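The structure appears right after this line, and notes come after that.
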There are 2 protein chains.
Amino acid sequence: MSLRYALLALLTAAPMTGYEASRRFQSSVGHVWHAPDSQIYPELRKMEAEGLLAVEAVEDGGRGEKRYYRPTEAGIAALKAWMETPLKYAPDRDPAHLKAAYFEFASLEAARRTLRDHIEHYEGLLEQWERQIYEVDSGTSQVLSQRLAGRSRAEHDRIAAFKRFAYEGLVARAHAEIAWARSGLRMLDGYSAST
Amino acid sequence: MSLRYALLALLTAAPMTGYEASRRFQSSVGHVWHAPDSQIYPELRKMEAEGLLAVEAVEDGGRGEKRYYRPTEAGIAALKAWMETPLKYAPDRDPAHLKAAYFEFASLEAARRTLRDHIEHYEGLLEQWERQIYEVDSGTSQVLSQRLAGRSRAEHDRIAAFKRFAYEGLVARAHAEIAWARSGLRMLDGYSAST
DNA sequence: CGTCTCATGTAAGGAGTTACATGATTTA
DNA sequence: TAAATCATGTAACTCCTTACATGAGACG
């Protein structure tokens, strides 16, 4: 259910075609809510049908038309309404911690490998998220610049601060995961030394 | 796909009926991989059909029979094989951080409320997870005691250490989430003071 | 001449959620 | 006598994943 709000939020920056939306999704909201093209296109259609998005069709030199999506007032209202309602937290489902809890069924090498993979995984994300923070700070994010166009200075700061805040949380999480996996590797070292 | 491994892991502690499995699931593996009854029963049947579980049916005084599930050798092998294969990480999909990134569409009160809810949510989980650690340390966990029955002392320590390790990771995560939300509340205080 | 990007999806299937169904027995 | 627990699920639905389809123009 969050996908539609992620899309609405993205489209408030500027009207876009489905293609643009799915490209930019990945470089902005997608860091916090992933969705593949195959989900984005149908969802845009559905939102159009429900009156949350308006479409402006533009001729595109012989090869059909481009469909620019833009949130309607109902769309903006839906986004705001979602913001006012409490979140539903998805129940915990974490394969890495599940595996770790049952490492007695794994070989020592496999256990080490999964922890190293965990570190690598979160280091990759960390890099992404830190780059996002950098882009917010330096104003190099295209989506964010569009979003800020025509807003007051005070709004700029708030909007950027919120993005920064969200990414900071993810960065902190990545650090916690990496620290955890490292402590696990140390624990495993204790067991390999004794056998 | 992890559900079946969570179930296999649970059933290695002792043979159980579907009902017992779904009760105990919630007080052990369920903290790390949630699943409702409606998913557990069919999955047990499927695993039985695939030869990963064996069933011993016991008469249950007039009202039918109880079906005790126990992992077969193939089941244990499947669990071990899963342990040796690298994890697939689910793409990021985090409604709390999504919301936070677009707080400009929320009222100040709603933003505060979502952060306070976030804190409350993770404080609840923290309590659960810390209780799990306590149960591991004090030997009060029934599932864990069954699992340890008939194993050597060295194995005891390892097995308990892995459980502890898994929960420590979750505890660390909860602390990180709480700290993040608190910092968000401070940020919002800055904005409410200035308006 | 082939691959990349633009531009738009469909189709099949698995995983998870929510709500409901049934009937016995134990506990308050 | 009502509610909780034991014991077992089914059914309908949404969400997400994976793989495939098509056809134009641009780039090397």
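All values reported here derive from a predicted model rather than from experimental measurement. Every chain is numbered from 1 and lettered A, B, ... according to where its sequence line falls, protein lines coming before strand lines.
- For A:Arg45 and D:dC15, the CZ to C1' distance is 20 Å, given to the nearest whole Å.
- For the residue pair A:Thr12/A:Arg147, the side-chain donor-acceptor check at 3.5 Å is satisfied.
- The side-chain hydrogen bond (donor to acceptor under 3.5 Å, both in side chains) test applied to B:Gln146 returns B:Arg24, not counting sequence neighbours.
- Considering only heavy atoms from C-beta on, A:Asp92 comes within 4.5 Å of B:Leu125 through its side chain.
- Contact check, A:Arg23 against C:dC6: no side-chain N or O comes under 4.0 Å of OP1 or OP2.
- Distance CG (B:Leu44) to P (D:dT8): 10 Å, rounded to an integer number of Å.
- As rounded to whole Å, 12 Å separates atom P of D:dC15 from atom CE of A:Met47.
- The distance from atom OH of A:Tyr41 to atom P of D:dT17 is 17 Å, rounded to the nearest whole Å.
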Legend entry - Annotated protein contacts, base or backbone, on nucleotides 12-22 of chain C with a non-hydrogen cut-off under 4.0 Å, one of B, S, - each: ---SBBBB---
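- Pairs engaging residues 122-133 of chain B under the salt bridge (Lys or Arg N to Asp or Glu O under 4.0 Å) rule: B:Glu123-B:Arg182 [sequence neighbours left out].
- Ring geometry, B:Tyr89 versus A:His118: the interplanar angle falls from 30° to 60°, so the pair is classed tilted.
- B:Glu56 pairs by the salt bridge (charged side-chain N to carboxylate O under 4.0 Å, His left out) definition with nothing, not counting sequence neighbours.
- The stretch residues 6-22 of chain B comes close to DNA chain D through B:Thr17, B:Gly18, B:Tyr19, each having a heavy atom under 4.0 Å from the strand.
- In plain terms, the two heavy atoms of B:Ser2 and A:Pro95 that are nearest each other are OG-CB, 4.1 Å.
- At whole-Å resolution of the value, CD in A:Glu48 and P in C:dT8 are 12 Å apart.
- Taken together through direct or relayed side-chain contacts under 4.5 Å among Ile, Leu, Val, Met, Phe, Trp and Tyr, B:Tyr19 and B:Leu11 form parts of separate hydrophobic clusters.
- To the nearest angstrom, C1' of C:dT5 lies 15 Å from CZ of A:Arg24.
- Straight-line distance from the CG atom of B:Asp37 to the P atom of D:dC6: 12 Å, rounded to whole Å.
- Residues satisfying the side-chain hydrogen bond (donor to acceptor under 3.5 Å, both in side chains) criterion with B:Gln128, sequence neighbours excluded, are B:His31.
- Phosphate proximity of D:dT8 to B:Arg67: absent, as no side-chain N or O sits under 4.0 Å from OP1 or OP2.
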